K.L.:
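Pasting a structure below so you can have a look.
Keep in mind it's a predicted model, so treat the numbers as computed, not measured.
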Amino acid sequence: MRLLSTLGYLIVFIKAISESWIDVVRRSITGEIDPKIVEIESKINNPNGLVLLAWSITATPGTLVIDLNTKERKLKVAVISPRERDDIVPFEPYIKKMFD
């Protein structure tokens, strides 16, 4: 089961990086940048899973985790434009299956 979750995570992660890269390039050219800080409460209980989630968000262009509270399972994320929670953490369900 963890192998399938890991493969799913990698596929969704690569897709998210590709889509975000294109979005950041487009926004850089058009100037449509409206930075925000978004607080996200994670469904992941394992601290290692939260660290992987934070790294995954930071590795995705246009987002940066600026704070991680593992006890409350909250992340503060800087984004270059307003986004929905699911757009920021599409890989969270796979990480949850890998670690919880």
K.L.:
Show your reasoning for whether side chain to side chain contact (heavy atoms under 4.5 Å, CB included) applies to V79 and I88.
P.N.:
CA-CA 9 Å; V79 295; I88 298 171; 3.9 Å; yes

K.L.:
If the condition is ring-ring contact (aromatic ring centres under 6.0 Å, His included), which residues does W21 pass it with, not counting sequence neighbours?
P.N.:
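With neighbours one apart ignored, the set is empty.
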
K.L.:
How close do S42 and R85 get, heavy atom to heavy atom, and via which atoms?
P.N.:
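Shortest heavy-atom contact: CA-NH2, 3.9 Å.
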
K.L.:
Start with the C-alpha distance between K97 and R2, add both sets of side-chain angles, then the distance that settles side chain to side chain contact (heavy atoms under 4.5 Å, CB included), and finish with yes or no.
P.N.:
CA-CA 7 Å; K97 288 179 186 175; R2 287 187 183 201; over 6 Å; no

K.L.:
Side-chain heavy atoms nearer than 4.5 Å, only ILVMFWY residues, links allowed to pass through others: does that put L75 and I66 together?
P.N.:
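Not linked; separate clusters.
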
K.L.:
Measure the spacing between CD of E19 and CG of D87 and express it to the nearest 0.5 Å.
P.N.:
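E19 CD to D87 CG: 9.0 Å, rounded to 0.5 Å.
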
K.L.:
Which pair of non-hydrogen atoms, one from A59 and one from F13, has the smallest distance, and what is that distance?
P.N.:
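Of all heavy-atom pairs spanning A59 and F13, the closest is CB-CZ, 3.8 Å.
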
K.L.:
Are I14 and W55 connected, step by step, through hydrophobic side chains (Ile, Leu, Val, Met, Phe, Trp, Tyr) whose heavy atoms are closer than 4.5 Å?
P.N.:
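In one cluster with I14: W55, no.
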
K.L.:
Are L53 and V51 connected in the hydrophobic side-chain network, where two residues link if heavy atoms are under 4.5 Å apart?
P.N.:
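Hydrophobic grouping puts L53 with V51.
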
K.L.:
Is R26 paired with E32 through a side-chain N to carboxylate O contact shorter than 4.0 Å?
P.N.:
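Salt bridge present between E32 and R26.
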
K.L.:
May I ask whether V65 and I37 are part of the same hydrophobic cluster, defined by side-chain heavy atoms of I, L, V, M, F, W, Y residues being less than 4.5 angstrom apart, directly or through others?
P.N.:
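In one cluster with V65: I37, no.
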
K.L.:
Please list, chain by chain and in numerical order, all residues satisfying salt bridge (Lys or Arg N to Asp or Glu O under 4.0 Å) with K36, sequence neighbours excluded.
P.N.:
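Expected list: D34.
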
K.L.:
Take I57 and F91 through the side chain to side chain contact (heavy atoms under 4.5 Å, CB included) test and state the conclusion after the steps.
P.N.:
CA-CA 9 Å; I57 293 169; F91 24 75; 4.1 Å; yes

K.L.:
Once you round to the nearest 0.5 Å, how far does OG1 of T63 lie from CD1 of I40?
P.N.:
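With rounding to 0.5 Å, OG1 (T63) is 9.0 Å from CD1 (I40).
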
K.L.:
Please test N45 against R73 for side chain to side chain contact (heavy atoms under 4.5 Å, CB included), starting from the C-alpha separation and ending with a verdict.
P.N.:
CA-CA 7 Å; N45 298 313; R73 300 184 342 240; 3.4 Å; yes

K.L.:
Would a 4.5 Å heavy-atom cut-off, applied to side chains only, mark S20 and R83 as touching?
P.N.:
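The answer is yes, as the side chains (C-beta and beyond) meet within the 4.5 Å cut-off.
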
K.L.:
Roughly how far, to the nearest 0.5 Å, is CD1 of I95 from CG of L52?
P.N.:
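The CD1 atom of I95 is 4.0 Å from CG of L52, to the nearest 0.5 Å.
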
K.L.:
Regarding K96 and E92, does a basic nitrogen lie under 4.0 Å from an acidic carboxylate oxygen?
P.N.:
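E92 and K96: not salt-bridged.
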
K.L.:
Can you get from L10 to Y94 by hopping between Ile, Leu, Val, Met, Phe, Trp and Tyr side chains that sit under 4.5 Å apart?
P.N.:
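Both belong to a single hydrophobic cluster.
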
K.L.:
Working to the nearest 0.5 Å, report the span between CD1 of I44 and CG of L50.
P.N.:
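Answer for the CD1-CG pair, I44 versus L50, is 5.5 Å.
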
